[in-house]
Asks: 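The structure's right below; bear with me while I get my questions together.
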Amino acid sequence: MTFTIFTGGDSGAWNILSVVPVIGESLMPASHLAIAPSASLSDPSATPWQLRGVTSHVRYVERAEKIALTSVQAGLGRAEATRAALIPIRKSAAWWEMTQDERRKVFEDKSRHIAASLKYLPAIARQLYHCRDIGEPFDFLTWFEYAPEHATMFEDLVGILRATEEWTYVEREVDIRLARAI
Ligand code: HEM
C-alpha cells in the first residue's frame, strides 16, 4: 500500500498561506507543506504536523455519476494550478453509526455533494485520501488544485458544502490554503 504523507514544516513544494480551524482543534502553524509517497507508515518526524492518507475505491458514486465525473475532471499537477487547499476532515460517531445506504442518502440525496460540485470541474482538480482506518486524527484528507483566477469559485464551493446536512456530521475540519513554492 502506498501512503501519501503531508508534512507541515519549513520546506516543501507549497507555501502555506493560511491554516484556519473551521470546527474543532486546529493544526500548528507552519510555513511549508511537503507531499511525499511512502511505502510504509513511519513515525511522524519532528515537524509541526504530519498527516497520512491512502487513495481508495469510491464508496458512494453511482455509475452515471462516475461517467459524468470522469468526462469533466482534470488531473493534479497542471502548470496553471498554482493554488491548492488541503482540508482534513473528521466525521462524528453518528455518521459512522449509519449504514452505507443511510450515509449515501445524506451525502447525495439530501446534500447533493456530487451534483452541486460537478459544475466546479474541471477548474478545481481534486483527490480524496482516506485515513480513518490507519489511526490518524482525521477520517479524510481532501486535496484541491486550482488557478488563482478560480479562487473565488472555490470559496463558493466550500461555502455550499459547509451548509449541507452532510456537514452537520463534521466534527473537525481544518482549512489549509497553499501557493506553489517551486
Ligand atoms: C471540486 C468539486 C468536488 C467534487 C466533484 C467532489 C466529489 C466527491 C465525490 C464523488 C465523493 C465521493 C467519493 C466516494 O464515492 O467514496 C466525495 C467525497 C468527499 N468529498 Fe468531495 N467533491 C468536491 C469538493 C469537495 C470539497 C471542497 C470538500 C471539502 C471542503 C470535499 C470533501 C469531501 C469529503 C470529506 C468526502 C468523503 C465523504 C465520505 O466518504 O464520508 N469535497 N467528493
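In listed order, ligands and their atoms are each counted from 1.
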Asks: For ligand 1, is any non-hydrogen atom under 4.0 Å from I87's backbone (N, CA, C, O), its side chain (CB onward), both, or neither?
Replies: side chain
Asks: Nearest protein heavy atom to atom 9 (C) of ligand 1, by residue and atom, and its distance?
Replies: R126 NH2, 3.3 Å
Asks: Short list, please: which atoms of ligand 1 are under 4.0 Å from a heavy atom of W95?
Replies: 41 (O)
Asks: Heavy-atom contacts with L161 under 4.0 Å: which atoms of ligand 1 show up? List them by number with element.
Replies: 24 (C), 25 (C), 26 (C), 27 (C), 28 (C), 42 (N)
Asks: Identify, for atom 1 (C) of ligand 1, the protein heavy atom at the shortest distance, and state residue, atom and that distance.
Replies: L157 CD2, 3.5 Å
Asks: Return the option from I124, V61, V158, V22 holding the heavy atom at the smallest distance from atom 13 (C) of ligand 1.
Replies: V61
Asks: Using heavy-atom distances only, which candidate in V170, L128, L69, T142 approaches atom 32 (C) of ligand 1 most closely?
Replies: T142
Asks: Parallel, tilted or perpendicular, judged at 30° and 60°: which one describes the rings of W14 and W143?
Replies: perpendicular
Asks: For atom 3 (C) of ligand 1, what's the nearest protein heavy atom and its distance?
Replies: S117 CB, 3.3 Å
Asks: Closer than 4.0 angstrom, basic N to acidic O: yes or no for R104 and E65?
Replies: yes
Asks: Salt-bridge test for D156 and K119: reply yes if a basic N is under 4.0 Å from a carboxylate O, no otherwise.
Replies: no
Asks: For I89, which part has a heavy atom under 4.0 Å from ligand 1: side chain, backbone, both, or neither?
Replies: side chain
Asks: Looking only at heavy atoms of W143, does any of them come nearer than 4.0 Å to an atom of ligand 1?
Replies: no
Asks: Using only atom types and a distance under 3.5 Å, with no angle test, would you say the side chain of S71 pairs donor to acceptor with the backbone of A68?
Replies: yes
Asks: Could you list which atoms of ligand 1 come closer than 4.0 Å to a heavy atom of I114?
Replies: 10 (C)
Asks: When you check the gap from the basic side-chain N to the acidic O, do R90 and E173 get nearer than 4.0 Å?
Replies: no
Asks: Closer than 3.5 angstrom, by distance alone: can the side chain of E108 be matched with the main-chain N or O of K105 as a donor-acceptor pair?
Replies: no
Asks: Which protein non-hydrogen atom lies closest to atom 28 (C) of ligand 1, naming both residue and atom, and how far is it?
Replies: F144 CZ, 3.4 Å
Asks: Before we go on, tell me: are the rings of F144 and F154 under 6.0 Å apart, centre to centre?
Replies: yes
Asks: Is E166 salt-bridged to K91, going by a charged N under 4.0 Å from an acidic O?
Replies: yes
Asks: Judged on heavy-atom distance to atom 18 (C) of ligand 1, which of F140, F107, Y60 sits nearest?
Replies: F107
Asks: Is there at least one pair of N or O atoms, one from K91 and one from ligand 1, spaced under 3.5 Å apart?
Replies: yes
Asks: Tell me which part of R59 gets within contact of ligand 1: side chain, backbone, both or neither, using heavy atoms under 4.0 Å.
Replies: both
Asks: For atom 42 (N) of ligand 1, what is the closest protein heavy atom, and at what distance to 0.1 Å?
Replies: H113 NE2, 3.1 Å
Asks: For the residue pair W96 and D139, confirm or rule out a side-chain donor-acceptor distance under 3.5 Å.
Replies: yes
Asks: Where does W167 meet ligand 1, judged by heavy-atom distances below 4.0 Å: at the side chain, the backbone, both, or neither?
Replies: side chain
Asks: Assess whether a salt bridge exists between R177 and D175, defined as any Lys/Arg side-chain N lying under 4.0 Å from an Asp/Glu carboxylate O.
Replies: yes
Asks: Hey, does I176 have a side-chain heavy atom less than 4.5 Å from the side chain of S18?
Replies: no
Asks: Tell me which part of L121 gets within contact of ligand 1: side chain, backbone, both or neither, using heavy atoms under 4.0 Å.
Replies: side chain
